[in-house]
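Report on one structure; see the data block that follows.
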Number of protein chains: 2
Amino acid sequence: MQTVTIKDIAKALNLSTSTVSRALRGSHEINTETKRLVLEYAEKLNYKPNPIALSLKENRSRAIGVIVPEIANNFFSQAINGIEAIAYNRGYHVMIFQSQESYEREVVNVQHMVARKVDGILISLSGYTTDMSHLQEPHNNGMPIVFFDRFSEQIDTHTVIADNFDGAFQATEHLILSGRKRIALLTSLEWLSITQERMAGYKAALKKYNIPLEDSLIRHCGFANEELLENVDRLLALSPAPDAFFTTSDRLALSCLTILKDKKVKIPEELSFVGFTNVKIAHLIDPPLTTVVQPAFEIGQTAAELLFDLIEEKKKNLPFQKVKLATTLEVRNSS
Amino acid sequence: MQTVTIKDIAKALNLSTSTVSRALRGSHEINTETKRLVLEYAEKLNYKPNPIALSLKENRSRAIGVIVPEIANNFFSQAINGIEAIAYNRGYHVMIFQSQESYEREVVNVQHMVARKVDGILISLSGYTTDMSHLQEPHNNGMPIVFFDRFSEQIDTHTVIADNFDGAFQATEHLILSGRKRIALLTSLEWLSITQERMAGYKAALKKYNIPLEDSLIRHCGFANEELLENVDRLLALSPAPDAFFTTSDRLALSCLTILKDKKVKIPEELSFVGFTNVKIAHLIDPPLTTVVQPAFEIGQTAAELLFDLIEEKKKNLPFQKVKLATTLEVRNSS
DNA sequence: TTGTATGCGTTATCAA
DNA sequence: TTGATAACGCATACAA
């Protein structure tokens, strides 16, 4: 009742393993009758090729690896669903890993995937990844890599992102047009690509409406909640206080909202609030949350498609693309 | 610059592959000096054993597989985090798969994991899994399997669940004690273990307080939203109408709340509402959601520990356990 | 059309 | 203490 191998079939049918192997792969240089015999017997014994043996032989696995900072985040889980949709259509398996925003964890994950001979890697960088050698090395060795969401310019390859600049621009403009003038920007670690882009969109909108940029209104927060609390306190202590908060991530938006509600800040009367998030239930929140939504599923799909282009080398010498997908501003009562 | 193998090291050092292999594994039957030489050289070339070759040889992978219905669900993503916490401590990798509530997908995932020689499987069944042969077969062949959350009695192995009965009992009792008498139960597919247990807790609470059980108040919903809408409509059309809704899953709670708000039902005045969910932001919802919270992280941890017990056969002939972890009722304004 | 031999990277068995 | 060889399951170059 253990797994059947080609050898078993060969023995039972008095053939050589190579004949069986070829018959199973439908080689035309095998007698039709023999082929039928082999296929029938294989079917009967429920023969399944051993993917590990294949990987060892062929240095590939028909699987792609995905690394995200965390899966408990709608943006990433939706992106993964987009990736899986494409991958399964192509007959590839998807191995999912979390870096948990840890650089070390990310390195381990990449090494493991490489060792396991994934055919390609989709990655959104951890918040603390600045050194790229763990990706540079496989990249140099020909491993297809595609970034999505959080990328690095240090590696020359395809990148798929939301139009972070425009999303932030729209959100900021919306706040300005609704009469807000002192718009605080609560954003993620400064060196992240998404932070840079979203910050640029925010600044561009201010500039368009001739609102002076005030550095004290821009706060960068890491992943610790105390840090956020401290930043919110500082912002609220400013005089004059900000009249709007624009938070540029899921985590920041929801934690920040929690803090503001604890402090009994009236939203949107005292403070307009806009998030940059993919939470499914923004409409159920009190107050219903105005939010910049990223096309997470499509980002995943597009990234996966580009990865398969690389894997199958369809577009051999085409330059690497940087695909930007449009965001949507969903205006609700919080602003 | 390709990956270095034992063969490379052997050639460079004029040794046989067996000597190098033994030296790398620290075998005491190798000359200390030789050992030093090999280890140093391996270190220098950044030698990493090829896990695929090892898997082929040893029929194992130092990885465990996890299958959940979907990762875009806080309960499951938190459980996965619990699993990873344990696994990484033990030096195992975790392969994550989604069944997307599809039986066929679940079967494919199991087969893939088995073929990839995972050392064990952690699974929460898809909503449409009734036939267990895809698990029965690996189970018979000695593959360690542990259920968490959604299990089947058909397979005799460890199971880790939240105390669904007690969670539902507490929630129902809470509604009764706050004066509700016609409590609707919106619950998942009837044959799921979690459904059975939660339904039993609901019934037990009614019985304790001598409230007659009314079948028309119990509605089972699949995963389509129209189905839920229809069920909500039917419940609201009852006369007398229900004065409370108890929804026993994340998805049901949030979709149902959306529907009720669309219909301008006043919560909790006209209708008390209690969910059975692990959403992180129940407190931000309008109205703040009363919810039964499952110890998702701990469930993942416990399940992983039991799986490693099986893998390492620590507790050889002990009977299989059914671990129940306590739920918490978080009372907020919706009830 | 079929069979033999080899190799993917590693370890275990046996021999030296 | 070290080395040669076979084996894990498969595919393929080469022979027949």
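Note: hydrogens, waters and symmetry copies are ignored here, and every other heavy atom, side chains too, is used. Chain identifiers are assigned alphabetically (A, B, ...) following the order of the sequence lines, protein sequences preceding nucleic acid strands; residue numbering begins at 1 within each chain.
Between B/Val20 and A/Ser21, it is B/Val20 whose nearest contact on DNA chain D lies nearer the 5' terminus. Comparing B/Thr19 and B/Lys57 by the nucleotide of DNA chain D whose heavy atom lies nearest to each, the residue mapping closer to the 5' end is B/Thr19. Comparing B/Thr17 and A/Leu56 by the nucleotide of DNA chain C that holds the closest heavy atom to each, the one mapping nearer the 5' end is A/Leu56.
Classification of B/Glu101 and B/Arg150 as a salt-bridged pair holds, one side-chain N sitting under 4.0 Å from a carboxylate O. B/Glu312 has a carboxylate O that lies under 4.0 Å from a charged side-chain N of B/Arg90, or vice versa, which qualifies the two as a salt bridge.
What separates CD of A/Glu29 from P of D/dT12 is a distance of 10 Å, to the nearest Å. As rounded to whole Å, 15 Å separates atom C1' of D/dA4 from atom CD1 of B/Ile6. Rounded to an integer number of Å, the gap from CG of B/Asn50 to P of C/dT11 is 10 Å. Taking atom CD1 of residue B/Ile52 and atom P of nucleotide D/dC10, one finds them 15 Å apart after rounding to whole Å. The NZ atom of A/Lys117 sits 17 Å away from the C1' atom of D/dG9 (whole-angstrom rounding). Here the C1' atom of nucleotide D/dC8 and the CG atom of A/Leu54 are 13 Å apart, to the nearest Å. Atom CZ of B/Arg60 is separated from atom C1' of C/dT11 by 13 Å (rounded to the nearest Å). Atom NZ of A/Lys11 and atom P of D/dG9 are 11 Å apart (whole Å).
Within 4.0 Å of B/Ser55, counting heavy atoms only, lies no atom of the nucleic acid at all.
Listed nucleotides: C/dT2, C/dT10, D/dT2. Nearest to the side chain of A/Ile30: C/dT2. Across D/dC10, C/dT1, C/dT10, the shortest atom-to-atom separation from the side chain of B/Tyr47 is found for C/dT10.
A donor N or O paired with an acceptor N or O is found under 3.5 Å between the base of C/dT4 and the side-chain atoms of A/Ser18.
Residue B/Arg22 places none of its side-chain N or O atoms closer than 4.0 Å to OP1 or OP2 of C/dT11. Taking 4.0 angstrom as the limit, B/Lys7 places a side-chain polar atom (N or O) nearer than this to OP1 or OP2 of C/dC8. Contact annotation: A/Thr5 side-chain N/O to D/dG9 OP1/OP2 distance is not under 4.0 Å.
Side-chain N/O atoms of B/Asn81 and A/Glu70 include no donor and acceptor closer than 3.5 Å.
Note that the OG1 atom of B/Thr129 and the CG atom of B/Leu135 stand 8.0 Å from one another [nearest 0.5 Å].
Relative to the six-membered ring of B/Tyr88, A/Arg105 meets both conditions, a distance below 6.0 Å and an angle of at most 45° to the axis.
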